[in-house]
Amino acid sequence: MELNATQCQTHKPEIAKAGADMQAGTFRIEETDGRARRGVLHTDHGPVQTPVFMPVGTAGSVKSLSPQDLEDIGTEIILGNTYHLYLRPGDELLARQGGLHAFSSWQGPILTDSGGFQVFSLSALRRVSDDGVAFSSHIDGSRHFFTPEGVIRIQENIGSDIMMVLDECVAYGTDFERTRIAAERTTRWAERSLQARPHPTRQLLFGIVQGGFYPELREQSAREICDLPFDGYAIGGLSVGEPKHLLWEILESTTPLLPREQPRYLMGVGKPLDILRAIGEGVDMFDCVLPTRNARNGTLYTSTGKVTIKQARYREDTSPLDPQCSCYTCRTFSRAYLRHLYISRELLAYRLNTLHNLAFYLDLIRGAREAISRGEFQDYAAAYEAVFPEESDAIE
RNA sequence: GGAGGGAUACCCAAGUGGCCAAAGGGAGCAGACUGUAAAUCUGCCGGCGUAAGCCUUCGGAGGUUCGAAUCCUCCUCCCUCCA
């Protein structure tokens with residue numbers, strides 16, 4: 001099945017129909033090509049074609065886009081964030097509103113990150129203990145406490161289709177001992193999370209492998225986490241400032257340890273080439289702020305490479321952003337106009353740029369799925385290395 | 001005609017004897033961004049040089065001074081008020 005922009009209109013009904021047939025949690029690998037796999041993950045809000053890219057909608061919205069926009073570019077599933085939604089508007093309010101789906105009017109699947117990463121990245125004023133993590137709100141400084149059980153409860157209130165366990169992510173450069181303590185704590189928290197899960201058949205729960213950049217800790221963490229009956233397994237703690245080759249070392253050694261029959265999720269990654277390479281290692285799910293954040297900051301991904309739309313060279317450029325792209329932005333506007341909008345800080349710039357960058361990512365990964373089906377994934381991925389030479393790590 | 005105020009780099013605008021090639025904005029240019037405290041952040045922004053440094057600049061001309069964007073004289077232009 002091929003999905004291009006003009007067929008997106010029919011996308012949603014397919015989801016709804018297929019979703020009714022399958023029980024949430026079922027993951028079926030349909031085709032493989034080397035280590036790359038193509039499959040379908042069924043959720044309470046419909047099936048998700050994997051490999052999949054999940055646009056990040058931290059605070060209940062993919063910044064600048066409406067649910068209709070997301071649907072138009074063929075978004076299968078979006079990501080929300082437990083930490084942010086708990087602080088504002090509050091998970092109990094969300095529960096009263098019928099959950100995040102009803103509240104936001106996004107009817108497709110939603111995965112919620114647990115807040116473990118925020119606790120790591122908003123490192124000021126947090127204290128981690130075996131019981132949980134104490135932290136200060138980035139909004140008003142108020143004190144809060146997350147436990148593995150509490151985070152499950154919050155995600156239950158949010159009503160996400162896929163919940164993530166609370167984990168402890170450590171920074172690149174953290175020593176072995178501290179990394180070990182965090183990884184082992186993550187395992188204990190994972191066990192508690194499973195105990196606390198409310199609706200095993202409606203809300204899936206994924207475990208998260210930690211272990212920093214110590215292969216033996218990664219192996220230990222993967223073994224412990226994968227011993228637990230999660231619906232999927234994530235690799236966390238990567239892309240936290242480490243050299244690229246370490247990311248690949250850890251990914252290549254960790255992925256084979258994850259259950260073959262379950263979805264694998266590489267959290268927070270990445271650039272287009274990162275994603276393709278990880279697909280080649282057998283990863284099924286991705287999320288990353290890059291396409292959306294870069295869109296807002298003027299870096300656009302195209303079939304011929306990155307375009308920094310603010311550059312003077314596009315001042316009079318009447319051509320479309322990406323002639324190969326069929327998104328609304330590329331069908332409708334010139335580079336010169338997009339540059340003008342961006343330079344002028346017109347609100348439309350954020351929306352059009354985000355729409356395009358996400359369309360690019362979704363096309364990229366859709367193409368990857370199709371290439372896997374054809375048994376041509378390696379060629380497909382290699383072609384993109386020529387498109388983004390500056391991000392290729394072949395030379396490392 | 002008289003009395004004040006002003007002229008600073010692409011634009012706005014500080015600076016009123018040395019620490020000034022000259023604050024700060026803006027514009028311009030380049031770069032970054034990986035489970036979003038991000039419509040954010042960083043760098044460059046008179047010329048030559050990798051650099052030390054040198055050269056040319058604060059309306060114009062002249063002067064005072066060891067030293068001037070800063071003080072004095074004249075000139076040009078702009079603004080306000082009074083006639």
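Worth saying up front: this structure is predicted, and the values here are computed from it rather than measured. Below, read A as the first sequence line, B as the second, and so on, with proteins coming before strands; counting in each chain starts at 1.
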Give each protein N/O atom lying under 3.5 Å from an N/O atom of nucleotides 43-45 of chain B, with the pair distance.
none

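- Side-chain N/O atoms of A/Ser239 include none lying less than 4.0 angstrom from OP1 or OP2 on B/rU34.
- The nucleotide B/rC20 finds no pairing partner, because no Watson-Crick or G-U wobble arrangement with both distances shorter than 3.5 Å includes it.
- Applying the 4.0 Å criterion to OP1 and OP2 of B/rG35, one finds that A/Gln118 has every side-chain N and O outside that range.
- When each of A/His356, A/Arg339, A/Arg331 is tested with A/Leu321 by the rule side chain to side chain contact (heavy atoms under 4.5 Å, CB included), just one qualifies, namely A/His356.
- Within 4.0 Å (heavy atoms only), A/Gly237 reaches at least one base atom of the nucleic acid.
- Under the ring pair (Phe, Tyr, Trp, His ring centres under 6.0 Å) criterion, the residue pairs touching residues 53-91 of chain A are A/Phe53-A/Tyr361, A/Tyr83-A/Phe135, A/Tyr83-A/His138, A/His84-A/His138, A/Tyr86-A/His144, A/Tyr86-A/Phe146, with sequence neighbours excluded.
- B/rG49 is unpaired under the criterion used here, namely a Watson-Crick or G-U wobble arrangement in which both key atom distances are under 3.5 Å.
- Partners of A/Arg96 under the side chain to side chain contact (heavy atoms under 4.5 Å, CB included) rule, at least two apart in sequence or in another chain, are A/Glu92, A/Leu93.
- Residue pairs meeting the ring pair (Phe, Tyr, Trp, His ring centres under 6.0 Å) criterion with at least one partner in residues 158-186 of chain A, sequence neighbours excluded, are A/Tyr172-A/Phe213, A/Phe176-A/Tyr214.
- Environment of CZ in A/Arg28: sparse, with no more than 12 heavy atoms of neighbouring residues, nucleotides or ligands closer than 6.0 Å.
- Residues passing the side chain to side chain donor-acceptor pair (under 3.5 Å) test with A/Asn357, sequence neighbours excluded: none.
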Once base and sugar-phosphate atoms are separated, protein heavy atoms under 4.0 Å mark nucleotides 26-32 of chain B, 5' to 3', with B, S and - as -SSSBBB
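- Taking 4.0 angstrom as the limit, A/Arg293 places a side-chain polar atom (N or O) nearer than this to OP1 or OP2 of B/rU34.
- Within the 3.5 Å criterion, the main-chain N or O of A/Val165 finds no donor-acceptor partner in the side chain of A/Gln155.
- Taking side-chain N and O atoms only, A/Ser64 has no distance below 4.0 Å to OP1 or OP2 of B/rA39.
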